[in-house]
Number of protein chains: 2
Amino acid sequence: MTAFQNILAHFDRYIPLDETEKQALTSRLTERRVKRKQYLLQEGDVCKHFTYVVAGCFKMYGVDKSGTEYNLVFAAEDDWVADIASLHKELPSKLFIEAVEASTILQISKGDLWYLYTNHPKFNRTFRVIIEDKYTELQNRLLQTYSSTAHERYEQFLSQYPNLTNRLPNTQIASYLGITPEFLSKIRNERLTK
Amino acid sequence: MTAFQNILAHFDRYIPLDETEKQALTSRLTERRVKRKQYLLQEGDVCKHFTYVVAGCFKMYGVDKSGTEYNLVFAAEDDWVADIASLHKELPSKLFIEAVEASTILQISKGDLWYLYTNHPKFNRTFRVIIEDKYTELQNRLLQTYSSTAHERYEQFLSQYPNLTNRLPNTQIASYLGITPEFLSKIRNERLTK
DNA sequence: ACCAACCCTTAAACTACATTAAGACTATTT
DNA sequence: AAATAGTCTTAATGTAGTTTAAGGGTTGGT
């Protein structure tokens, strides 16, 4: 399966595209292969692309003064990743987007995305739904962060992202959960001995 | 100043509206006065309106199994409030929106908002920017929640919302910061004795 | 094949924050 | 005007999660 077939199947799950729209979309996508630890975005840069993950996995994270990383989201196959705040407002990002596995992606630039919005209105709707899903994810995550313990958040992570559990090192999962790797290790130990 | 003049001035700060657009907007807005502790949305309901706050203040919050409230956002004058996730997807909300002061609001229903999007394209852009701002706010808040202490978050709150500081009881601010009122009291005490 | 870099775990000491309880003070309702 | 519900603070005790340190295991680069 080619990368284009992959993303077209993805769009079909929202609203199917006709031939003209498929052509308009694929002609504006750039395929890239990125190695592990390579960046799509670094703090201070303006986010220029919306990225669709064909294969592999990325993390989007912020870093505090002392250099500690805080994972906000993971994005694996069939998912989108971008600092939407920076992309839309054209302001320097506070975030990094980095490959945690060797990955294949399709990227569309902000300008080309705007072209699609203007000339092929269906994309307005599809991308709006995609962004709304991201919004919902963030809101649920914030609420969960406040209202549940690290144990509960770990269980929730396991059931929400069962396939990521085995692919990501626990240090990365701990950062996503907002705890130290040492404490995650303790949680995992307690889970097994019960 | 009437409520309509108020919201039209608000839109002028984004992209000015022409007479036809002003008419299309104001004819679809419903003015309401709500008392303190009255709800705009309760858990389990589908969010039906986008609400503009003319005067007063609201909190949007979630509640855990034990009944504890977690404030996600406050919305005061010139701000918008809605559970965007529930509004767009027409799914039951996990959140409450409640007046913390007697307030005056203007509401637009989802159907009327869609009408404006379709027939007056400028609203697409204006509301998209409004929603993007909400998105940015959430993302910054999540990052800050992970990367800074309660002391730092309180200082940040004071500088970001100086006018809310005096209007909201500290119990509500504590809930927004993700701490207990007792601990906020301690923080405030330490701030003053230094 | 080696070295460096990363990763996982355990455990002891520590800290940011929660819980409980109690008293004083302030609004809101009747 | 009294009653009730909400608010703010202090203080003692408790706990979820951090820090530091150390040992062993895995991976990846040259």
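Naming: A, B, ... by sequence-line order, numbering from 1 per chain.
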Point to revise | Proximal nucleotide (of dT9(C), dT10(D), dG17(D)) relative to the R188(A) side chain | key: dT9(C)

Study note, to complete from the structure: Ranking dA16(D), dC17(C), dT10(D) by distance to the side chain of F183(A), first place goes to dA16(D)

Exercise for review: Report yes if a side-chain nitrogen or oxygen of N189(A) is closer than 4.0 Å to either non-bridging phosphate oxygen (OP1 or OP2) of dT9(C); otherwise report no.
Suggested key: no

Review point. With a non-hydrogen cut-off below 4.0 angstrom, is K37(B) in contact with a base, only sugar-phosphate, or nothing?
Key: sugar-phosphate

Output the rounded distance in Å from [atom1] ([X]) to [atom2] ([N]).
X       : N       : atom1 : atom2 : answer
K186(A) : dT10(C) : NZ    : P     : 11 Å
E152(A) : dA16(D) : CD    : P     : 11 Å
L192(A) : dT9(C)  : CG    : C1'   : 12 Å
I187(A) : dA11(C) : CD1   : C1'   : 16 Å
L184(B) : dT19(C) : CG    : P     : 15 Å

**Study point:** Runs of at least three consecutive pairs that involve DNA chain D, where pairs are Watson-Crick or G-U with distances under 3.5 Å
**Key:** C:1-6 with D:25-30, C:8-22 with D:9-23, C:24-30 with D:1-7

Study note, to complete from the structure: Heavy atoms of D18(B) and K122(B) approach each other most closely as N-NZ, 4.1 Å

Revision key, fill the gap. Within residues 158-180 of chain B, those residues having any heavy atom closer than 4.0 Å to DNA chain C are G178(B), I179(B), T180(B)

May I ask you to decide whether [X] forms a salt bridge with [Y], counting only side-chain N to carboxylate O separations under 4.0 Å?
X       : Y       : answer
R125(A) : E132(A) : no
K89(A)  : D133(B) : yes
D78(B)  : R13(B)  : yes

Practice item. Sort out for me which residue in T51(A), T30(A), D112(A) forms a side-chain hydrogen bond (donor to acceptor under 3.5 Å, both in side chains) with Q107(A). Key: T51(A)

Exercise for review: Keeping the roles fixed (side chain from Q160(B), backbone from F157(B)), state whether a donor-acceptor pair exists under 3.5 Å.
Suggested key: no

Check your understanding: Do side-chain atoms of S93(B) reach the backbone of C47(B) as a donor and acceptor pair under 3.5 angstrom?
Key -> no

Exercise for review: Sugar-phosphate means primed atoms, P, OP1 and OP2; the rest is base. With that split, encode nucleotides 21-30 of chain D 5' to 3' as B, S or - using protein heavy atoms under 4.0 Å.
Suggested key: ----------

Just checking, any donor-acceptor pair under 3.5 angstrom between side chains of [X] and [Y]?
X      : Y       : value
Y39(A) : D45(A)  : no
D83(A) : Q139(B) : yes
N6(A)  : Y52(A)  : yes

Exercise for review: Taking the six-membered ring for Trp and the single ring otherwise, decide whether the centroids of F11(A) and F127(A) are under 6.0 Å apart.
Suggested key: yes

